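The sequence lines fix the lettering, A, B, ..., with proteins before strands; numbering per chain opens at 1. Because the structure is predicted, anything quoted here is derived from the model rather than measured. All values below were derived from every heavy atom in this structure, side-chain atoms included, with hydrogens, water molecules and symmetry-related copies excluded.
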2 protein chains.
Amino acid sequence: MQHYIDKIKKLIENFDDATLKALTEISYTKTFSKGDYLLKADSICDKSFWVENGILRKYYAYNDKEITTEFYFKDDLAMSFDSYTQQKPSREYIQALTEVTVNITDYSSFQIEKLKHRQLQELDFFMTEYYALWLEEKVFELHTQNATERYQTILTKSPHIIQQVQLTQIASYLNVSLETLSRIRAKI
Amino acid sequence: MQHYIDKIKKLIENFDDATLKALTEISYTKTFSKGDYLLKADSICDKSFWVENGILRKYYAYNDKEITTEFYFKDDLAMSFDSYTQQKPSREYIQALTEVTVNITDYSSFQIEKLKHRQLQELDFFMTEYYALWLEEKVFELHTQNATERYQTILTKSPHIIQQVQLTQIASYLNVSLETLSRIRAKI
DNA sequence: ACATTTCATTGACCTTTGCGAATAAAATTT
DNA sequence: AAATTTTATTCGCAAAGGTCAATGAAATGT
């Protein structure tokens, strides 16, 4: 996957001036406090959030529980994918876990600029492809690993998550109960 | 999701003549017998398979078991996504479950034609977006539904799978053992 | 700094699901 | 059509993980 992230980074570094200018003109930076919502369920995700610093999480509420679907750190792009791509109400929330600064790009502005700038089309395509690869890996892990193995995977592949996020949220992300996660940690 | 499939169908119906011609020229039709492999693990998925009729499945081997990741019916596009997009060895197999006729497009030819035909870029983009949406839904179901509910979901959303595919394969697709699936079916 | 609330750990118990083996039913092969 | 192989069902048992409840530890608010 690293290979893929590099590919995207390189694409951005090589943006021509016109593309960069267009992107800059339709984007703005905003800071949120810990606990703030960047997106709420039932509203349409008409913005994407490029994390400059701080941590976000995306989750949905199901049976009185919160199920975390993704964490976002510096240089990650946060959005509710199905709400964003189809411009329909979101079932997910996006919330600041710390004080967060994000660079915001409006959906409709981006769609307009995409028509004019091939490199933005490429960016959009690669980001989508990358998300699909990430999801495929997630499904693979859910099919092949038990709770302990999933925890070990996140420990080695995403230690920054373990270090900076509450266990309650990590538990739902790994699809185990908080109690089970606590026992797994006690054993290892 | 149906909305999305329609969007893709409409795009294809509206292909201009040049696009259609290009696509036709780089594609060919081939028939496989039941049991044949269209793709084997460790080889690179350098083709995509558009199912004209028959059924395919994609799976990987893990701990002496076969875990089915997808079934393909008429008008579905089969490939190993990570192998295809990154042109690296596949961990998945694609196999014919019945006699199957597919329309095959070579990866490299498609990449070349994509440069010339905007509508092929759009097709590629929408197909990727659709796959990501499909995967997101799959992860959602794995997180929120138990074995019985997942079976009921496939029963209502994809009855054609239940009718035409072996339970062993459906079980691994739903991430339950064959025995559990059998008990679920006995209860309902 | 203290009080309150939230979060994490631990234990007892229960439910779901997996596994091995036996059997039955289907599908294939000869 | 009979024999063989593959697939599906059912059972008993074991393991993994969930739930409820109590307690301890951290974080937050005043």
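Note: the hydrophobic cluster containing B/Phe71 also contains B/Met127 (ILVMFWY, side chain heavy atoms under 4.5 Å, direct or indirect links).
Separating the CG atom of B/Leu178 from the P atom of C/dA25 is a distance of 16 Å, rounded to the nearest angstrom. Rounding to whole angstrom units, CD of residue B/Glu179 and C1' of D/dG12 are separated by 13 Å. Per the geometry, CD belonging to B/Glu66 stands 12 Å off P belonging to D/dT6, to the nearest Å. Regarding B/Leu174, its CG atom lies at a distance of 15 Å from the C1' atom of C/dG18, rounded to whole Å. At whole-Å resolution of the value, CZ in A/Arg57 and C1' in C/dC7 are 13 Å apart. At whole-Å resolution of the value, CD1 in B/Ile170 and P in D/dT7 are 13 Å apart. Distance A/Gln169 CD to C/dC7 C1': 10 Å, rounded to the nearest Å. The CD1-C1' distance, from A/Ile184 to C/dT9, rounds to 14 Å in whole Å.
Contact annotation: A/Lys187 does not reach the phosphate of C/dT9 (side-chain N/O to OP1 or OP2, under 4.0 Å). Contact annotation: A/Thr168 side-chain N/O to C/dT6 OP1/OP2 distance is not under 4.0 Å. Look at A/Thr180 and you'll find a side-chain N or O under 4.0 angstrom from OP1 or OP2 of D/dG18. Between A/Lys65 and D/dT19 there is a side-chain N or O to OP1 or OP2 distance below 4.0 Å. Side-chain N/O atoms of B/Arg185 include none lying less than 4.0 angstrom from OP1 or OP2 on D/dA8. Residue A/Ser177 has a polar side-chain atom (N or O) positioned under 4.0 Å from OP1 or OP2 of D/dG18.
Residue contacts for A/Gln166: at a heavy-atom cut-off of 4.0 Å it reaches the sugar-phosphate backbone alone, with no base atom in range.
Using a 3.5 Å distance cut-off with no hydrogens or angles, the side chains of A/Ser83 and A/Glu92 do not pair a donor with an acceptor. A side-chain N or O of B/Glu136 and one of A/Tyr131 form a donor-acceptor pair less than 3.5 Å apart. Side-chain contact of B/Glu149 with B/Tyr151: a donor-acceptor pair under 3.5 Å is absent, judged by distance alone.
Proximity of B/Phe15 to B/Leu23: side-chain heavy atoms (C-beta onward) are separated by under 4.5 Å at one or more points.
No donor-acceptor contact under 3.5 Å links the side chain of A/Arg150 to the base of D/dG17.
Of the residues near DNA chain C, B/Asn146 and A/Ala186, the one whose nearest nucleotide (by heavy atom distance) lies more toward the 5' end is A/Ala186.
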